[in-house]
Protein chains: 2
Amino acid sequence: MEKVKIPRATAKRLPLYYRYLIILSESGKEKVSSTELSDAVQVDSASIRRDFSYFGALGKRGYGYDVKNLLGFFKKILNQDTLTNVALVGVGNLGHALLNYNFKRSNNIRISCAFDIDKNITGRILSGVPVYDMSELKQQLSDQQISIAVLTVPSLHAQKTADEMFEAGIQGIMNFTPIRISAPANVRVQNVDLATELQTLIYFLDSDKQDH
Amino acid sequence: MEKVKIPRATAKRLPLYYRYLIILSESGKEKVSSTELSDAVQVDSASIRRDFSYFGALGKRGYGYDVKNLLGFFKKILNQDTLTNVALVGVGNLGHALLNYNFKRSNNIRISCAFDIDKNITGRILSGVPVYDMSELKQQLSDQQISIAVLTVPSLHAQKTADEMFEAGIQGIMNFTPIRISAPANVRVQNVDLATELQTLIYFLDSDKQDH
DNA sequence: TCATTTATGTGCATGAATGAACAAATAGAA
DNA sequence: TTCTATTTGTTCATTCATGCACATAAATGA
């Protein structure tokens, strides 16, 4: 499926639209307007229309968007018609929770293998997912054709582990450690920094308070 | 401590700076330049300097920034000199993992109480944190003077639960559910959407591939 | 003391993202 | 068929964020 060059901000919103389209579709709705969608996803309606328009004229004036059409379209755009397997590196508290997290329902993603160095965990199957020793990383990623991994190891091992992952051919990392890992130019790293997010929330709350 | 009006983007980076300053301080470093910091946090050095300059001239030309000074300054700016207690609503897989997550070490944050509706969990202490029934929400938040909560309930209960939280006086929510909850104007909601982040990463990887 | 190096603080140009506003087109009612 | 209400697709102005580039100032060494 050929893809259009779209702004980063738009790309980030696509999965959000997709999820709400599923909800609409399941509740039997046939059409939806950008205003309705705007209420649900909390994005300005003009932005929604522009986002959609990057892919061509998907709607009808005076009517709105056909839910089924739109859903089918986004399914292809987001590669939701095929299952994407990802790896999990580091089966601690957070890693364990992610193993149980259902990425499959509204996104077609599955954690299909996990890695750790703790001999008490490796060689077993946790929440339906086999846990391998780190030494098997390269082999397994190659066998299962996995190019994306979730990184949930302790901060201290973050960079070292990431280097092993690059070596094993990983193309994208969702980094849950608070360390900003340095990566080769061709690898994409998405940082999810829980403590920082919470800290930022606190900061904004305090400054809200002082505005009055 | 009176605060300066600073851009949103800067505010989001402050906790990141703070964390690296701690690391630098612990490793015994006395001074740091914006260029050095830039390598570590992966933010342009000019941006770092501008971020710092919102708070006045904190550095010395030809020298850099004094780590101890800077650290002390940010500690106050970010309210890190006092412990911030937050609540956790929904003790499922993810909630449980967050209970074990150490927000205290580099950020001075602690989950001091949790809430759920499952009678098998409520009334017990998990990972050192007491778990109450949802009916006790208002009372406990008031008793413990908590205004911030982490929301990790199933999607289906997200809005309903959030409404209860507003009723109980919550001011800020870190929302881990994929639902965009609607909230009163005076409440801040920070969305952390794991599946969407992963989906976005996959999208960008695919489009990277097609660029060549 | 003086020259050189280092590194800050900021002006400026560029680019991205947003949301208001509106013309064009369609739906649906009369 | 005709008219009105609706809703898209897009233009435009504005705001926000970024990073280059450089004047300014301090530190260091000769």
Side-chain angles (χ1 to χ4, degrees), chain A residues 4-17 20-21 24 29-71 73-74 180 185 191 196 200 203-204 207, chain B residues 4-17 20-21 24 29-71 73-74 180 185 191 196 200 203-204 207:
Chain A
V4 201
K5 191 74 186 172
I6 57 166
R8 189 182 177 74
T10 298
K12 283 188 175 185
R13 284 189 290 263
L14 296 184
L16 190 59
Y17 298 146
Y20 270 92
L21 286 173
L24 288 176
K29 240 171 165 298
E30 287 189 355
K31 66 168 184 174
V32 65
S33 72
S34 58
T35 322
E36 270 179 280
L37 212 49
S38 172
D39 289 338
V41 299
Q42 295 174 10
V43 173
D44 179 81
S45 68
S47 292
I48 294 181
R49 291 196 297 279
R50 181 176 301 106
D51 285 347
F52 287 4
S53 77
Y54 288 116
F55 304 103
L58 302 177
K60 256 191 199 168
R61 291 167 196 233
Y63 177 85
Y65 299 88
D66 182 272
V67 173
K68 265 215 183 79
N69 265 3
L70 214 51
L71 192 59
F73 187 80
F74 276 110
R180 296 293 163 111
N191 296 304
T196 290
T200 305
Y203 181 86
F204 278 122
S207 63
Chain B
V4 202
K5 191 76 186 170
I6 56 164
R8 189 183 177 75
T10 297
K12 284 187 175 186
R13 285 190 289 263
L14 296 185
L16 189 60
Y17 297 146
Y20 270 91
L21 286 173
L24 287 177
K29 241 171 164 297
E30 287 189 355
K31 67 170 183 173
V32 64
S33 72
S34 58
T35 321
E36 269 180 282
L37 213 48
S38 172
D39 289 338
V41 299
Q42 295 174 10
V43 172
D44 180 81
S45 68
S47 292
I48 293 181
R49 291 197 297 277
R50 179 170 295 108
D51 284 347
F52 287 4
S53 78
Y54 287 116
F55 304 103
L58 302 176
K60 255 191 200 169
R61 294 170 194 230
Y63 177 84
Y65 299 89
D66 183 273
V67 173
K68 266 217 182 77
N69 264 3
L70 215 50
L71 191 60
F73 187 80
F74 276 109
R180 293 295 162 108
N191 296 303
T196 290
T200 305
Y203 180 87
F204 278 123
S207 63

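Taking atom OH on A/Y54 and atom C1' on D/dT11, their separation rounds to 13 Å, with Å as the unit. In this structure, the CG atom of B/L58 is 17 Å from the P atom of C/dA7, given to the nearest Å. Separating the CD atom of A/E36 from the C1' atom of D/dT6 is a distance of 12 Å, rounded to the nearest angstrom. Going from atom CG of A/D44 over to atom P of D/dC16 covers 16 Å, rounded to whole Å. Taking atom CZ on A/R49 and atom P on D/dT11, their separation rounds to 14 Å, with Å as the unit. Between the C1' atom of D/dA25 and the CZ atom of B/R61 lies a distance of 5 Å, rounded to the nearest Å. A/K5 places its NZ atom 10 Å from the P atom of C/dA16, with the value rounded to the nearest Å. Taking atom CZ on A/F52 and atom P on D/dT7, their separation rounds to 15 Å, with Å as the unit.
When the nearest nucleotides of DNA chain C are assigned to A/K60 and A/D51 by heavy-atom distance, the more 5′-ward of the two goes with A/D51.
Residue contacts shown for B/T10 are absent, as no nucleic acid heavy atom lies under 4.0 Å away. Among the protein residues, B/Y65 comes within range of the sugar-phosphate backbone only, with heavy atoms under 4.0 Å from sugar or phosphate atoms but none that close to a base. Residue contacts for B/I48: at a heavy-atom cut-off of 4.0 Å it reaches no nucleic acid atom on any strand shown. Within 4.0 Å of A/A9, counting heavy atoms only, lie sugar-phosphate atoms of the nucleic acid but no base atom.
Distance OH/A/Y54 to CZ/A/R49: 13.0 Å, rounded to 0.5 Å.
With distances taken from any side-chain atom of B/S34 to the nucleotides D/dT8, C/dT8, D/dG19, the minimum falls on C/dT8. Here the nucleotide nearest the side chain of A/R50, chosen from C/dG9, C/dA17, C/dA20, is C/dA20. Listed nucleotides: C/dG9, D/dA21, D/dA27. Nearest to the side chain of B/A57: C/dG9.
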**Study point:** Worked verdict on B/D51 versus B/R13 for salt bridge (Lys or Arg N to Asp or Glu O under 4.0 Å)
**Key:** CA-CA 8 Å; B/D51 284 347; B/R13 285 190 289 263; 2.7 Å; yes

Check your understanding: So B/D66 and B/K60, side-chain contact (heavy atoms from CB on, under 4.5 Å) or not? Walk me through it.
Key -> CA-CA 8 Å; B/D66 183 273; B/K60 255 191 200 169; over 6 Å; no

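Contact check for B/L70 versus B/L58: side-chain heavy atoms found under the 4.5 Å cut-off.
Annotation: B/F73 is not in aromatic contact with B/F52 [ring centroid separation under 6.0 Å not met].
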